[in-house]
Each structure stands twice: as structure tokens, then as C-alpha cells.
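Structure, as C-alpha cells:
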Amino acid sequence: MRKEEMLKILFRNKLSILGLSIIIALVLIAILAPILAPYPEQALGEPNLKERLQPPSWKHPFGTDHLGRDVLSRVIYGTRTSLVIGFSVVALALLIGVPLGLIAGYFGGKMDLAVMRITDIFLAFPPLLLALLIATTLGRGMVNAILALAISWWPWYTRLARGMAISVKERPYVEAAKAMGIADWKIMLRHILPNSISPVIVQATMDMGSAILEAAALSFLGLGVQPPTPDWGLMVSEGKDYFLNYWWYPVFPGLAIFITVIAFNLLGDAVREVIDPRLRRRFL
Amino acid sequence: MIRVEHLKKYFPVTQGFLRKKVLWLKAVDDVSFEIQDGETFGLVGESGSGKSTTGRTILRLYEPTGGKVYFNNIEITALSKEELKRIRPKMQIIYQDPYSSLNPRLTIFDIIAEPLREYGHENIEDRVLELLEAVGLSEEHAKKYPDELSGGQCQRVAIARALALDPEFLVLDEPTSALDVSVQAQVLNLLDSLQKEMGLTYLFISHDLGVVRYLADKVGVMYLGNLVEMGTLDQVFDNPMHPYTRMLLSSIPIPDPKARSLKKGVVIGEIPSPLNPPKGCKFHPRCPFYKPGVCDAKEPEMIEVERGHLVKCHFAGEL
Amino acid sequence: MKELLQIKDLYVNFRTLWGIAKVLNGVNLTIHKGEVFGLVGETGCGKSVTALSILRLLPSNAEVSGKILFKGENLLEKSEEEMRKIRGKEISIIFQDPMTSLNPLFKIKDQMIDVIMLHEGLEKERAIEHAKKLLKAVGLPADRVLNSYPHELSGGMRQRVMIAMALSSNPSLLIADEPTTALDVTIQKQILELILDLKNQYNFSVLLITHDLGVVAEVCDRVGVMYAGNIVEIAETEELFENPLHPYTRGLLSVVPDPRQKKPLKPLRGSVPSLINPPSGCRFHPRCDHMRDICKKAKPELIEYSPGHFVACYLYGGDLDD
Ligand SMILES: Nc1ncnc2c1ncn2[C@@H]1O[C@H](COP(=O)(O)OP(=O)(O)OP(=O)(O)O)[C@@H](O)[C@H]1O
Ligand SMILES: Nc1ncnc2c1ncn2[C@@H]1O[C@H](COP(=O)(O)OP(=O)(O)O)[C@@H](O)[C@H]1O
Ligand code: SF4
Ligand code: SF4
Ligand SMILES: [Mg+2]
Ligand SMILES: [Mg+2]
């Protein structure tokens, strides 16, 4: 597909521009955090007990937390944690889920049956509950939280990829490739994967938001990121006890989570429009 | 070149919530014919009569349930997977829907180059251009994607890809049914000249006898998994003997308003489900010559009415 | 004979990502009461857009100008409310793929009765009776079909259901957009015969869209040939086949397979051009063997070359001394 077409389609929709801008902004914030944050050392955890629980002011636009740290700086640094978590969870889940799904769908038979049974087991649990169980087993910490989330997540991609592979393998171009004697793995790579992946990518984009949300939930329950790492979920969790008198403490990190989740959803919609060949033919 | 002997392909049909195998759908049931070198065998019949299944089983894209297929005296149906791969380049297939037979994510160049790369050819670029030219396309098409081409152009690309490995035998599965009549004419002419130049052998599948006439040397008429009439082009068109063949012939529109076929109602009913075909002669519920007690009691044999002209009807030659 | 539908200077443009597609370029045609009018042309010539314009069903990126007079009234000036009454009641349409117009999740019964109740204002019992009568009229076993889902029917049966629904309110114009293109020739034959029978019985006019002049020869009274958004020739069917004037019409005629003999097919070269940058003047000129200078400069008008036989081509007059 020509790039200019993709861009045209992308920029046709105001909401997708909004989603994309927010994500770009978040990435920039994450990269430039040391420059943007007024108090980088506080963001990384250094207490500042003289200024505990100050309301928003020019000095601390988002106020300060129970250890006197600048909430704005910690929210800015939290962007890094969130994006890393969102991206790693989804990437890991894709890495496990998609190949399994494609293989199950393309080869069918016993292979398919086995893979489907395994995903069934995983999918029988409510998603967060499973992540919780795994995180409890693995122990606290960010890496373990990422692993736990990815392990509870990949079966969705397996399902999606398998369904796509099943429908794509029926297409005549796949049969034509078989008729030419093309090797199975090449058929999978060249024909099945590229034509199955679009809905998976769309889903994955949207899932980044959900992954960040679930990681926040784990942090909230004390199983995820550990203090003093700057993390939105952790901040909401610690701040909830102060909510009534010191609202700014949990509200700003909460808002950050909310906006990020929405932005990834908007971006997912945009990606869908850009990569779906059927929509490509649609007119203004 | 191609000899098909008692070919059978049954599909298991599952029903109910336990997905138990309950029935066999006999898509191809005891079909035999031969195609000589450089010849075109036209296979016609309505949708669901088993034409495509026959074509695919011959290429072993489906595993046959029974029967044998010989290609240059090699029994294809007995080959192992590796042996089959070695012979694959010699037999190719073209599909009905030009768009879905091309991978939308690959450029035309990559589509045609794929088989060449698989078999380690050299000078792939030159060969692709040569193939594009052979099917009436040019270099500028190479960079495009399938959805930037028209249906007729896509069909040419599919033909170029099929020709890449210098095949000897092509299965053409309704290669023009999805095209306009004007593009159909272009593609038919192309297939015709390619056959003459390269000495190809075709199995040409269609539901329209009128189209088959342009390419075929011999014609087989299929109904619910069986061949019901087979003969040379002239035998089938000038002296159609099976009532089904006659029905197919009289349903082709005649491009002459003065000859507007006054014969109405020549087409009776629709093809029934192959899951439970009618008893006796499978055509009997739609046959204007149906004799109760005969046609629904016993399946007719395929009889050779004249040299090379076979008909499967109790009253072959009498109607 | 009286005019039922007159299309005058119809222009349709589509705004697209790649520019403005000038899809209909001044279409003129008339459909008389009680006739079958065939509209032929290759894919992408604008046949379906013409049909959709009549029903005002074009997508929102379309810009329309011209006149479409139906029983003397300009459809392009009707309100959406008035159009809703005309669609399905006065003018019905059936498409190539009946599956796209039937909802796979509902039984035929529910879908037919909805339409009948909406258009006829009948209550449910009467609507079922009416539906049965219609299904019998199109040669279907009414009770079984009513209780089937669309996928349980064959392509031919689905098209019959669509015809039955289209007839439910006794329209005066039936538009059939390639109704048999997706069907076997045998089923095509049945459906065409059915449309003719019903037309004689119910006395409506038919606009039959097809790319196959063989189909036209079988059923149409008059034919309009369309190329890249223009009507290039109109004549009675016999006249058109005996005396085709326009080079495009001749091209189309030379590619129709004839079951009676094997004459060589002489296809036109090239294909329908992009309508975003259509060829200047006569849009057919890049494919025409008789092209002259003037053909590139100005669009030839549709003139009445002999009584009832119209053609738009400089070979038959027009501004030759330019
Ligand atoms: N993979 C399959 N599994 C089960 N049934 C099948 C399969 N492929 C084909 N069939 C059935 O076998 C019968 C013959 O099918 P086939 O595709 O060979 O018909 P055809 O003559 O080519 O018809 P068409 O004109 O629709 O292409 C049909 O009833 C079809 O539904
Ligand atoms: N909604 C649309 N937007 C832009 N172009 C369109 C739209 N609908 C149809 N077209 C274009 O209009 C032309 C005529 O289309 P159509 O009437 O469907 O052709 P036909 O029915 O003769 O095959 C084609 O080039 C087609 O791509
Ligand atoms: S055997 Fe009987 S029913 Fe069958 S085709 Fe012959 S006459 Fe018709
Ligand atoms: S006007 Fe000119 S280009 Fe157009 S059809 Fe006539 S001769 Fe050909
Ligand atoms: Mg088929
Ligand atoms: Mg159309």
C-alpha cells in the first residue's frame, strides 16, 4: 500500500488524529522526562518531607504526595513505567499467542485441538484474576507483573490469529501456493501471517491501554510495581487513602491512566482504518 | 497426458452437536476420462455438480477417496509428498475469482516471482517480465498490488504465475465466470494462443457450454458427481443425447433477438443437494423424458452410443 | 407508448481520496411504460450508479445534477420522506447478489412480512397471506421458503425471494442490476423467463442492467449502451443487433459467445478508463479504431440517426468541420 494513501486515511478522521497526537505526546514525555519533570530526583523517590501533601500551586502544579514529592514530576516519570509495561505485556503476549494461533489454524487437526484446549483453560478464568494468581505465585515486582499479564493475555491473540488463519487458508491464493509446491512455512509467513495480522494489530493497539490499566490494578493491589518507582497505578493506590482531604494525590495519576487508555483505543480505531484493505477502498 | 480412472471424492459431513460423522457427500463419484497432449477437455455442469472437486482431486489438492489419476503415465495418486512436490510445477490451476486468487499484500512482481524463487530459478526479474508480456501486461504492472488492477488484469497475473514453472497441464476452474463478456473474450483468446504456443493441455471447467465451445476439443457433462455425457465437441454440440446436456445447451442466451428462444420452461427445477441425490438416474426429477419405474429404479450405465460418444441414460440414442 | 422514466443530463461526481470521479457524464435515456429496457456496458461504466441515482440511494460522497422524471415528477427534487414512499412502492430494485440484501440472521418470513407491512400497511396475518401469494407467483414452495434462513436457499431461490419482495407493492418500475450474473446459465434462463412472465402479468416496466448482450437479445425491447458514464447508443433490440452504429456497441457484439456456432471472438482492446482523469472528448477514443482529431476535443452529442435509433459518435454527424 502506498504511504500517502495511509496518511490520507489516517488524517481524515479527527479522533484518530487526537489519539495519535496523545500517544506521540506520551512517548515524548517519557523520553524527555528528565528535562520536563521539575523535580526529577523526587520523581524517582527522594522524599521531601517539608512539603507534604501541598495542594496544587505554581511550585507544584499537581500538588505533592504524602512524602512531599512533586506529583507532576512523578506522573511524568510514571509515563515511562506505563508505556514500558503496556508495550512489553502486549509484545510478549503477541510473541506467544500469534505463532501458536497461526499454526493451530493453518494445520488444524490434533495440533489445533491441543492449542485450543490450552487456551480454553486460560480463558476460563476472569482475566485479572488469572494475572493476580500468577503474580502472587511469581512474587511482587514490575517484571513479574509484566510476565503475569502477558501469560494471562496471549490466549486472546491465539484465538484471534487462529480464526483469521482458518479463514485465510481457504482463500484460493493459499491453495495456489500449495499447488505450486511452496513449503508450508513459507505459506504461513508470506500468505497467512500478513493477511491474518490486521485485526490482531488493531486489537493489540487497543490492548496497550488495557494492559496499562490492569498493571495499574496489580500495583493498586500491591502486586505490581513497588515503591518508590514512579507508577500511576501505585500512586492511585497510595493516594486513595488521602482522597477526601488531598484529592490531587490520586486524581492526577488516575487522569493520566484514563487519557492513555482512551488514546490507545482511538489509535486502534485509526490503525484499523489504515490497514484494512476493504476500508482502503472506501471513499471520503 | 491425463488419465482419470474411477475417481471418487467423498466429503464427510458432520451434523449435530457432537459433530459425529453421519453422511458422506459424494462430490465426485466414479469419474473416468482422458485428455490427450495439447488438448482441452471441457467439463461442464451446474453449480455443485462436482467440477471443481474433480479438478482439485486430479491435482491432489484433495486426497481422492478412490480411483487413480495418471499424468504422463505416472500415477499421481500413488506419489509421496516429496515426489508430488517434484511434479507440481508441471500441473497448475487457475481460479474463478481473480482477486481472491492473488495475495493482496504482495506486489504483482512478488506474486509471479514466488514459484520461481521456490524452485531456485535464476534471472527472476527477466523471467517475470517475460511472463507479464506473455499474458499481455507490462513492466509497469509489476509494482502494483492486486486491488489496483481490474479483474481481467488480475486473471492475467494468475495465468502468468501458473505459467512461471513451465507447466504442461492447467486446470482452468471457471477462469472467466467472474469477468465481463468483453474481458472474458480477451482471456479466452489469451488462453487459446498460449495453448498453441506452448503446447499446453487444459482441463477447462465452466457452467456455460457456450464458453466451453471456444476452447474445448472434448466435452464432459457432469451432474451430481457423475459424468452423464462425454464426446468430442461436435458430438456434444451437434448431437447432444443426454436430456441434461440438452437442457444446458438450450439455456445459453442466443445473441440474436430474432432467434429469441420461444421454447420456454426448458429448464426444470434446480440441482438437488448432493447429500441425498435422487435414486436411479439422479437427473430423473428434472428430466422431461423420465419414465417411472425405469429411470427412478435403476442407475443407467454409461454407454458408448457412437465412437467416443458416451451417454449415461436408459434411453440414450432413442430420445 | 408513454414515458415512465426520463433521465435528462444526469451528472454524478464522487469525491474520493484520489480526486473527483466523474462517473456519470450527462446521461440521457427514457423508459416507456410496460417495456423491458436493457442497460449494457462493461464493469465500471456507471450502470449501477445510474440505478442508484434513480432511487436516490447514492452514498453521501456523491454530487448529482440533472433531472430524473418519474411519471413526470423530478425525483431529484423529492424530499427524503417522499422518496421513501417511492422506493419499494413505485420503484423496486433487485441486485446481483441477493445475499447482500437479505439478513442472514432472520427467516425469510420475518424479512418479507416486515417489508409488506411497511409498504402495504397490512396487519400480520394478511401480510403472511400476501407473502405466500407472492412466493407462489415466483415459483417457490411458499411454506418451506417462509420458514427458511437465506443460507438454506440456493442462489436462484434467493433471487426469486428478492423478486417476490420487489413485487410486493406492485411497482411500476423494476430495476434489476445484473440479477443473473452470479447464477448458473440454467438458473439465469429461469430467472429471466420469470421476470418476463411477471412483467406481462403485473404490467410494470423493467430496467435490466447487464454486461451480456446475449441476455439483452433474449429479453429486452430496447437497449441503451453505456460507456464510461455516457449513453453512447440507444435503439430497439432488433435494430441494435442488425445495425450497430457505435464502435463500442460493435465491440461488445463481437465478444458474445454464440451457442449456435463458433465464430472467433474479437475483443476490444484496453479497458474502461479511470473516471478520475477520464479521456477528453469522446471517452471511448483511446480504444476506438475510428478515432479522429475531433474525437479528442469535444464530447459527441447523442443524436437520432434514424427514427428511434440514437448514437453519440462523430462517425454519424455532429461537428465534423472543426
Ligand atoms: N471441502 C469440502 N467439504 C465438503 N463439501 C464440499 C467441499 N468442497 C466441495 N464440496 C461439495 O461438493 C459438491 C461439489 O462441489 P464442487 O465445488 O466440485 O462443485 P462445482 O461443480 O465446481 O460447482 P460450482 O459451479 O459452484 O463451482 C458440492 O455440493 C459442494 O458443496
Ligand atoms: N461511492 C462511490 N465513490 C466513488 N466512486 C464510485 C462510487 N460508487 C461507484 N463509483 C465508481 O463509479 C464508476 C461506475 O460504477 P458502477 O455504476 O458500479 O459501474 P457498473 O455498474 O457499470 O459496473 C466506477 O468507476 C466506480 O468505481
Ligand atoms: S435415464 Fe431417464 S431420467 Fe435419466 S436422463 Fe435418461 S430419460 Fe431422463
Ligand atoms: S466519437 Fe470518435 S472516438 Fe468516439 S466512438 Fe466515435 S469515432 Fe470513436
Ligand atoms: Mg466450482
Ligand atoms: Mg454494477
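Chain naming here is simple, since letters A, B, ... match the order of the sequence lines and numbering starts at 1 in each. All values below come from the heavy atoms of this structure, side chains included, with hydrogens, waters and symmetry mates left out.
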Quiz item: Under 3.5 Å, is there a donor-acceptor pair linking the side chains of Thr43(C) and Asp180(B)?
Solution: yes

Quiz item: Can you tell me how far NE2 of His211(C) sits from CD of Gln184(B), rounded to the nearest 0.5 angstrom?
Solution: 8.0 Å

Exercise. Tell me, yes or no, whether the heavy-atom count around Lys266(C) atom NZ, taken from other residues, nucleotides or ligands under 6.0 Å, exceeds 12.
Key: no

Practice problem: May I have the step-by-step check of side-chain contact (heavy atoms from CB on, under 4.5 Å) for Leu265(C) and Tyr214(B), ending in yes or no? | Solution: CA-CA 9 Å; Leu265(C) 302 171; Tyr214(B) 279 90; 3.5 Å; yes

Quiz item: Taking everything shown except Glu152(C) itself, do over 12 heavy atoms lie less than 6.0 Å from its CD?
Solution: yes

Self-check item: Val272(C), part contacting chain B, at a heavy-atom distance under 4.5 Å
Solution: neither

Quiz item: Just wondering, more than 12 heavy atoms not from Glu236(C) lying within 6.0 Å of its CD?
Solution: no

Quiz item: For the side chain of Glu218(C) and the backbone of Pro257(B), is there at least one donor-acceptor N/O pair under 3.5 Å apart?
Solution: no

Exercise. Decide yes or no for Ser251(B) and Val185(C): does some side-chain heavy atom of the first lie under 4.5 Å from some side-chain heavy atom of the second?
Key: yes

Quiz item: Which residues pass the ring pair (Phe, Tyr, Trp, His ring centres under 6.0 Å) test with Phe283(B), sequence neighbours left out?
Solution: Tyr223(B), His242(B), Tyr244(B)

Exercise. Check whether any side-chain heavy atom of Leu213(C) sits under 4.5 Å from a side-chain heavy atom of Val181(B), and report yes or no.
Key: no

Quiz item: Just by distance, do the side chain of Glu193(C) and the backbone of Gly265(B) share a donor-acceptor pair under 3.5 Å?
Solution: yes

Practice problem: Write out, in numerical order, the residues from residues 247-259 of chain C with a heavy atom short of 4.5 Å from a heavy atom in chain B. | Solution: Leu252(C), Val255(C), Val256(C), Pro257(C), Asp258(C), Pro259(C)

Self-check item: Portion of Leu188(B) that has a non-hydrogen atom of chain C nearer than 4.5 angstrom
Solution: side chain

Practice problem: Write down the atom of Gln186(B), the atom of Leu268(C), and the distance for their closest heavy-atom approach. | Solution: NE2-O, 2.7 Å

Exercise. Please flag which part of Gln261(C) lies under 4.5 Å from any non-hydrogen atom of chain B: side chain, backbone, both or neither.
Key: backbone

Quiz item: Where is the tightest heavy-atom contact between Arg260(B) and Val216(C), given as atom of each residue plus distance?
Solution: NH2-O, 3.9 Å

Quiz item: Is Glu242(C) close to Lys258(B) at the side-chain level, that is, under 4.5 Å between some pair of heavy atoms?
Solution: yes

Exercise. Would you give the length of the straight line joining atom CD1 of Ile187(C) to atom CD1 of Ile271(B), rounded to the nearest 0.5 angstrom?
Key: 9.0 Å

Quiz prompt | Pro253(B) side chain near Gln188(C) side chain, heavy-atom distance below 4.5 Å | solution = yes

Practice problem: Supply the atom-to-atom distance Ser150(B) OG to Glu42(C) CD, rounded to the nearest 0.5 angstrom. | Solution: 10.0 Å

Self-check item: Asn189(B) portion near chain C, given a 4.5 angstrom heavy-atom threshold
Solution: side chain

Quiz item: Roughly how far apart are Glu46(B) CD and Thr186(C) OG1, rounded to 0.5 Å?
Solution: 3.5 Å

Quiz item: Above 12 or not: heavy atoms from other molecules or residues under 6.0 Å from OH of Tyr305(C)?
Solution: no

Quiz item: side-chain contact (heavy atoms from CB on, under 4.5 Å) between Glu270(B) and Gln190(C): does it pass, once the steps are laid out?
Solution: CA-CA 10 Å; Glu270(B) 289 188 15; Gln190(C) 293 180 331; 4.3 Å; yes

Practice problem: Calculate, to the nearest 0.5 Å, the distance between atoms CG and CZ belonging to Asp256(B) and Arg260(C) respectively. | Solution: 5.0 Å

